[in-house]
Amino acid sequence: MPKRIQVKVTPGTLLKAVLEESCLKSGFDVSCYELKSHNNKKVDLSLTFRLSGLSNNATLEMVPKLATSPDSLVELTLQHPSGERHQLSIRIDSSLADVLKKFSEKFNEDLASNIGDELPCCVYMNKQYTGLLQLTETTLSSLGITSEKCLIRFIRVRLSPEELDKLEDGIRKEQERKAAMNSTFEKLKIQNIEREQLEKSRLETYEKEAAARSEEEGKKQEKLREETADSTARETALPERSILQEPSHQNPNDWSFDAPIFSQLPSNSRLDGLNLLLERVETCMNANQVDAMVETLANRGRISLAEMVSTSIQNTSETMTKEEKEVTLEPCERKAVLFNKRHETEENTPEIPEDFYEIGVDDIRTMQKDLRKQARQHTNSALVPTSYISSKNRETKLKAYKNCVIRIAMGPLLLQACFRSAEPSSRLSEFLLSCLKDQNKKVQLFFSNMKINPCEKKNFVDLDLAPRSTIIARIDGVNDYPSILSDISHVSSSDADNISSQWLLENSSFPLFVPLIEEEARTTKRPQQYSTDDDSARGNFSGPPAKSALPKWLSTGKK
């Protein structure tokens, strides 16, 4: 998943420092990455932000590159205050202090040592690196110097005690900042290694499963081809001939070819398959069931007869297995708790500014995007029965919302319990009665001013109570609800929320099923048909003229 890191810079900040901070905050090796701008252009890391041509709040992309060896050499030129210049090949991991020591022989002078109050200083990209400590801490690679040629000016500067203290303080703060980032870098690096190993194992598992699926699919296709070939051979075979009576065993010659002959036609497998498909669609429309055969027909627009037979058998077995699972689902641990209702006055809700209710340009764009999406869905929607869509959404909900939490409002208290979404909703009434001291009371349940009738045939998904809902319990002749409840642990609202969150961790998101036609069917162009026989008129006709967006008086010159 892409990650954004904000780096604060000044006009004199080197882009190499930007890359180092980004890598240290992400746990990546600096030598293995480089920066690219929005137009996929490589960024020169030896430049400062002022000279890079980047705008404020610019977004750069950190991309992998070939790792640079620390033994790589760069042609470095050093300019003396006298104007004299010398050039040497120096490794990129060398510090500026080492550079001055190597050039000391060329200039016949100890460039790295102090002369009185004057300190050695190197100037690169209008930035000074003064003092032996700062020169030792700064390397050529940290300045973005990794290839080609480079020029560095050498001067000697005289600093006051206050300036020396300020310089040492700045160096100390920079060291502390890098030490803090290095400690975070080690933790993030370990996380990145673990993530790569996990991704690698997942990829290997996926490849093995894909290979197994492809092999199984190949076997199914081979079997379908054999069945199709057999059915084709049976359809194209000559009709069998039969006579009214068998030939005489005593005299076989008495059997005559002039005897009445009847053609025994083979069964029309295609017509039988179409009848089977119509029956399956009618059954799916009448009953809220998910049929794999109808699903394949709705998604693809066509289905082969051999695949229809195999899909029917597979759907029947899956339906039986699903019904068995729903029937044999055992009750789970309810984790029943009691807690007081929250009062709105106790919550510290921040004041919402008036600007929040104003509709801006971004809000209009979002609304326009949603409307376009709805228009595309309506345009490309498939002709599928509503019962099929409902059954498909019900199946997806059962897979996504495995657990559900029900809170029952009873006066000033809330009774919370955990359920499986596929359990019969009648267990809700059983649980509530088990929590009452007098189980002969008549209890009515309401959800959003609608009465709930729990039963054995409907689960919590069918009643739209999953994954979490708050319902109201009304007991005739009872006003003091705490007195009629049995011994149930009383907790705070935060503890109840924690129990609910832990129970719902097994759930996943629910994608709403939207039946759409295939891309090929939507992009297929229909042949144009013309009712006129005039070829010249047909060739010159290009449709009605486009309607102008200008007012009529402005486009015609008349009001």
Begin from the C-alpha positions of L119 and R156 and carry the test side-chain contact (heavy atoms from CB on, under 4.5 Å) through to its verdict. CA-CA 5 Å; L119 303 178; R156 290 186 180 274; over 6 Å; no
Any chance you could lay out the side-chain contact (heavy atoms from CB on, under 4.5 Å) test for V337 and H490, step after step, and finish with the verdict? CA-CA 6 Å; V337 291; H490 198 287; over 6 Å; no
The test is side-chain contact (heavy atoms from CB on, under 4.5 Å); show your working for K127 and M125 and say whether it passes. CA-CA 5 Å; K127 186 175 182 180; M125 301 300 293; 5.5 Å; no
Under the salt bridge (charged side-chain N to carboxylate O under 4.0 Å, His left out) rule, what do E215 and K220 come out as? Steps first, then yes or no, please. CA-CA 9 Å; E215 184 178 358; K220 289 183 179 180; over 6 Å; no
Would E162 and K166 satisfy salt bridge (charged side-chain N to carboxylate O under 4.0 Å, His left out), going step by step from the backbone distance to the final call? CA-CA 6 Å; E162 293 79 5; K166 185 177 180 180; over 6 Å; no
Steps toward side-chain contact (heavy atoms from CB on, under 4.5 Å) verdict (L78, L111): CA-CA 11 Å; L78 188 67; L111 303 178; 3.8 Å; yes
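S142 places no side-chain N or O within donor-acceptor distance of the main-chain N or O of T138, the cut-off being under 3.5 Å. Looking only at distances, no side-chain donor or acceptor of T48 sits under 3.5 Å from a matching main-chain atom of T13. Of the possible polar contacts, none joining the N380 side chain to the Q377 backbone as a donor-acceptor pair under 3.5 Å is found. The closest donor-acceptor contact from the side chain of N498 to the backbone of S494 lies under 3.5 Å. Formation of a donor-acceptor pair under 3.5 Å by the N192 side chain with backbone atoms of L188 is found in this model. Listed for the S469 side chain is a donor-acceptor partner under 3.5 Å among the backbone atoms of L465. Panel note: side chain W503, backbone C404; a donor-acceptor pair is recorded below 3.5 Å. Between the side chain of S425 and the backbone N or O of K458, at least one donor-acceptor pair lies under 3.5 Å. A donor-acceptor pair under 3.5 Å links the side-chain atoms of S434 to the main chain of F431, judged by distance alone. Judged purely by atom type and a 3.5 angstrom limit, S104 uses its side chain to pair as donor or acceptor with the backbone of E109.
With a 4.5 Å cut-off on side-chain heavy atoms, S421 and V461 count as touching. Under the 4.5 Å side-chain criterion, counting only non-hydrogen atoms from C-beta, N459 is in contact with R394. Looking at L463 and F447, their side chains never come closer than 4.5 Å, going by heavy atoms from C-beta outward. Two residues are said to be in side-chain contact when any heavy atoms from C-beta on lie closer than 4.5 Å; K36 and V43 fail this criterion. Looking only at side-chain heavy atoms (C-beta outward), F154 and Q79 stay at 4.5 Å or farther from each other. Using a 4.5 Å heavy-atom threshold, the side chains of R407 and L415 count as separate. Taking 4.5 Å as the limit, some side-chain heavy atom of Q416 sits within range of a side-chain heavy atom of I499. For the pair I408/L432, a side-chain contact is recorded, criterion being any heavy-atom separation below 4.5 Å from C-beta on.
Between atom CG of residue L413 and atom CG of residue N340 there is a gap of 5.5 Å, rounded to the nearest 0.5 Å. Note: L60 CG to M62 CE = 11.0 Å, rounded to the nearest 0.5 Å. Between I92 atom CD1 and C150 atom SG the span is 12.5 Å, to the nearest 0.5 Å. Remark: S113 OG to K101 NZ distance equals 10.0 Å, nearest 0.5 Å. The distance from the OG1 atom of T139 to the CD1 atom of I145 is 9.0 Å, given to the nearest 0.5 Å. I90 CD1 to L96 CG: the interatomic distance, rounded to the nearest 0.5 Å, is 9.5 Å.
Nearest approach of L504 to P467, heavy atoms of both residues: CD2-O, 3.8 Å. In terms of heavy atoms, C122 sits closest to I152 at CB-CG2, 3.9 Å. Nearest heavy-atom pair, P120 versus N114, reported as atom, atom and distance to 0.1 Å: CD-OD1, 3.0 Å. Contact between L198 and S201 at its shortest, heavy atoms only, is O-OG, 2.7 Å. Here the closest non-hydrogen pair linking E423 and R334 is OE1-NH2, 3.0 Å. The two residues Y129 and L14 have their closest heavy-atom pair at OH-CD1, 3.9 Å.
Enclosure of atom CD in E216 is not indicated, since only 12 or fewer non-hydrogen atoms of other residues, nucleotides or ligands lie within 6.0 angstrom. The local environment of CZ in R468 is sparse, with at most 12 non-hydrogen atoms from other residues, nucleotides or ligands closer than 6.0 Å. Under a cut-off of 6.0 angstrom, the local environment of CD in E84 is crowded, with over 12 non-hydrogen atoms contributed by other residues, nucleotides or ligands. Heavy-atom neighbours of R213 CZ from other residues, nucleotides or ligands within 6.0 Å: above the threshold of 12. Residue R153 qualifies as open at atom CZ: its count of foreign heavy atoms under 6.0 Å is 12 or below. Crowding of K402 atom NZ: a count of heavy atoms from other residues, nucleotides or ligands under 6.0 Å not exceeding 12. Summarising the local packing, CG of D363 is surrounded by more than 12 heavy atoms from other residues, nucleotides or ligands at distances under 6.0 Å. Surrounding CG of L505 are more than 12 heavy atoms belonging to other residues, nucleotides or ligands, all under 6.0 Å away.
Contact check on K42 versus E61 returns no salt bridge, with no Lys/Arg side-chain nitrogen under 4.0 Å from an Asp/Glu carboxylate oxygen. Taking the charged nitrogens against the carboxylate oxygens, E174 and R177 do have a contact shorter than 4.0 Å, which makes a salt bridge. Between R172 and E168 there is no salt bridge, since no side-chain N of the basic residue sits under 4.0 Å from a carboxylate O of the acidic one. A salt bridge links D169 to K173: at least one charged side-chain nitrogen sits closer than 4.0 Å to a carboxylate oxygen. R158 has no carboxylate O lying under 4.0 Å from a charged side-chain N of E163, or vice versa, which leaves the two without a salt bridge. Taking the charged nitrogens against the carboxylate oxygens, R202 and E207 have no contact shorter than 4.0 Å, which rules out a salt bridge.
The aromatic rings of F460 and F419 lie tilted to each other, with the angle between the two planes from 30° to 60°. Ring geometry for Y33 against F28 counts as tilted: the plane angle lies between 30° and 60°, on a 0 to 90° scale. Taking the six-membered ring for Trp and thresholds of 30 and 60 degrees, Y401 and F510 have ring planes inclined between 30 and 60 degrees apart.
S492 and D495 are linked by a side-chain donor-acceptor pair at a separation below 3.5 angstrom, with hydrogens and angles left out of the test. Between S89 and E75, the side chains place a donor N or O and an acceptor N or O closer than 3.5 Å (distance only, hydrogens not considered).
No close placement of the H86 and F103 rings is indicated, their centers lying 6.0 Å or farther apart.
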